[in-house]
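Just below is one structure, and these are the notes that go with it.
In this text the structure is predicted, and so the values were computed from the model without any measurement.
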Amino acid sequence: MQVSITVNGKSFTHDVEARDLLVFYLRDTLRLTGTHVGCDTSSCGACTVHLDGQAVKSCTVLTCQADGRSVTTIEGMANGDNLHPLQEGFREEHGLQCGFCTPGMIMVAADLLERNPNPSEHEIREALEGNYCRCTGYHNIIRAIQYAASHAVAA
Amino acid sequence: MGDTQYIGKSVKRVEDKRFITGQGRYTDDIQLPGMVYAHIVRSPYAHAKINSFDIASAQSAPGVIAIFTGDDIKKAGMGGVPCGWQLHFKNGDPMVEPPHPLLIASGDTAKHVGDGVAVVIADTRANARDAADLIYVDYEVFDAVTAAADAVKPGAPLVHESAPSNICFDWEIGNPKAEVDAAMSTAHHITKINYRNQRLAPNAIEPRCAIGDYDGANDRYTLYTTSQNPHLTRLLMCAFVLGLPENKVRVVAPDVGGGFGSKIYHYIVSVHLVSK
Ligand code: FES
Ligand code: FES
């Protein structure tokens with residue numbers, strides 16, 4: 001089946017199988033490998049992207065479900081050399097070690113800040129419930145998101 | 001403080017920029033020309049003898065390039081992976097080191113859920129997985145034991161015949177017993193505690209992953225794998241498993257999605273991919 005999907009502002013049309021997962025479409029077909037697969041059972045959140053602005057786990061979305069819709073991945077977050085405030089925050093607050101969970105963390109946090117620009121620590125922790133980080137112990141991820149909330153540029 | 005003074009300062013990590021922008025390069029991000037995919041068929045049973053394999057329908061499935069079972073590995077005379085760390089019993093005997101075959105052959109037993117029994121190579125990830133579903137393995141299921149404390153009880157099912165009571169080694173570290181006894185006999189206070197080591201789960205978020213690349217013209221092998229210890233992997237794989245000179249093999253560990261010790265080992269899956 002043919003799908004047309006806008007990814008990071010660019011339109012793509014491809015033939016896909018009905019069973020193809022969005023995460024493999026992004027990684028293997030478009031070669032946007034910043035979106036990671038940590039489990040493919042909807043547990044870890046490393047595959048989180050935005051589908052029409054909402055954070056989804058792309059290992060649990062069929063490519064054909066994204067037909068006619070718009071996807072944003074980690075590669076679409078910076079504006080040229082200008083990092084997104086969340087990217088700045090993760091770097092400033094040491095919110096990552098191995099970096100494997102980071103794209104998913106940033107995408108889920110971006111969705112949170114969109115809905116709630118000034119979340120409490122508790123609200124941030126709740127928003128991250130579907131995302132694992134095996135390295136950091138989460139504290140610095142919380143700080144990174146708080147940094148972004150307080151440094152947000154009016155976009 | 002000059003710019004070259006780093007002690008007491010917090011420095012920005014050089015790798016962060018690529019990680020926060022999605023430009024990291026982990027093993028699964030690498031796509032080589034002509035790359036094909038392997039799917040490993042694993043035992044669904046903790047303890048089961050394999051009577052036979054039936055791979056006929058899998059072999060004619062779309063996209064299948066090759067299928068190898070434990071029988072093929074046995075026929076090729078390929079040994080198992082070694083344990084990289086030698087320990088001894090308290091009495092000085094060397095530890096029991098049962099074989100860990102690359103894939104379990106018919107007539108042998110799978111020792112845990114997930115023990116590899118066959119590998120399917122196909123043009124795509126999906127085709128490899130589809131074909132794997134068409135492999136029929138006839139298992140004879142035996143009793144299993146899952147708790148360490150139960151495994152050493154008399155009559156517990158044996159994981160490896162060569163390790164009586166399921167004990168491979170009985171290791172101790174610390175001061176000699178006489179010294180400890182002497183210290184205890186003069187101690188003002190003695191506290192006794194029964195301590196059982198906690199469960200450890202050194203599981204990283206990036207799963208195990210490996211890509212093998214054989215350059216036939218130059219007879220050289222490259223293994224890309226998520227590893228904390230690529231040099232050891234190369235040494236063990238060359239010297240103990242494949243019998244290849246190390247200078248023909250390069251092991252590349254690109255960005256690694258966590259390890260915590262679990263990626264120090266030399267994994268069987270790496271051997272599969274290099275040896276093909
Ligand atoms: S890969 Fe999607 S949740 Fe883990
Ligand atoms: S930084 Fe390694 S899993 Fe989060």
How far apart are the closest heavy atoms of [X] and [Y], and which atoms are they?
X	Y	result
A:Tyr132	B:Ile205	O-CD1, 3.4 Å
A:Gly38	B:Pro207	O-CG, 3.6 Å
A:Pro103	B:Phe19	CG-O, 4.2 Å
B:Gly258	A:Cys135	CA-SG, 4.5 Å

Option from A:Ile74, A:Thr102, A:Leu83, A:Ile106 for which side chain to side chain contact (heavy atoms under 4.5 Å, CB included) with B:Thr21 holds: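 Result for side chain to side chain contact (heavy atoms under 4.5 Å, CB included) with B:Thr21: A:Leu83.
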How far does CZ of A:Phe100 sit from OG1 of B:Thr226, to the nearest 0.5 angstrom?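 Reported to 0.5 Å precision, the distance equals 8.0 Å.
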Approximate separation, where rounding is to 0.5 Å, of A:Cys98 SG and B:Glu15 CD: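 Between atom SG of A:Cys98 and atom CD of B:Glu15 there are 10.5 Å.
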In terms of heavy-atom pairs under 4.5 Å with chain B, which of [options] leads?
options	result
A:Arg31, A:His94, A:Met77, A:His36	A:Arg31
A:Arg19, A:Glu88, A:Glu75	A:Arg19
A:Asp28, A:Leu32, A:Thr35	A:Asp28

Relative to chain A, which of B:Gly24, B:Ser10, B:Ala126 shows the most heavy atom pairs under 4.5 Å?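 Of the options given, most contacts go to B:Ala126.
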Check the pair B:Lys17 / A:Gln87 against side chain to side chain contact (heavy atoms under 4.5 Å, CB included), numbers first and verdict last. CA-CA 9 Å; B:Lys17 173 99 190 263; A:Gln87 293 171 316; over 6 Å; no
Verify the neighbour count for atom NE2 of B:His112: are there more than 12 heavy atoms of other residues, nucleotides or ligands below 6.0 Å?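 Count over threshold, so yes.
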Crowding at CZ, B:Arg129 (>12 non-hydrogen neighbours, <6.0 Å):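 12 or below, so no.
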Contact origin within [X] toward chain A - heavy atom pairs under 4.5 Å:
X	result
B:Arg13	side chain
B:Gln31	both
B:Arg125	side chain
B:Asp29	both

Heavy atoms, side chains only, cut-off 4.5 Å: are A:Glu92 and B:Lys12 in contact?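 With C-beta onward as the side chain, the pair touches.
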In terms of heavy-atom proximity below 4.5 Å to chain B, should A:Arg27 be classed as side chain, backbone, both, or neither?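 For A:Arg27, the contact with chain B is made by the side chain alone.
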Which atoms of A:Asp20 come close to chain B, meaning under 4.5 Å heavy atom to heavy atom: side chain ones, backbone ones, both, or neither?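 Interface part for A:Asp20: neither.
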Looking at B:Asn203, is its backbone amide N or carbonyl O close enough to the side chain of A:Arg134 to form a donor-acceptor pair, meaning the two atoms are under 3.5 Å apart?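 Yes, the answer is positive, given that a donor and an acceptor are paired below the 3.5 Å cut-off.
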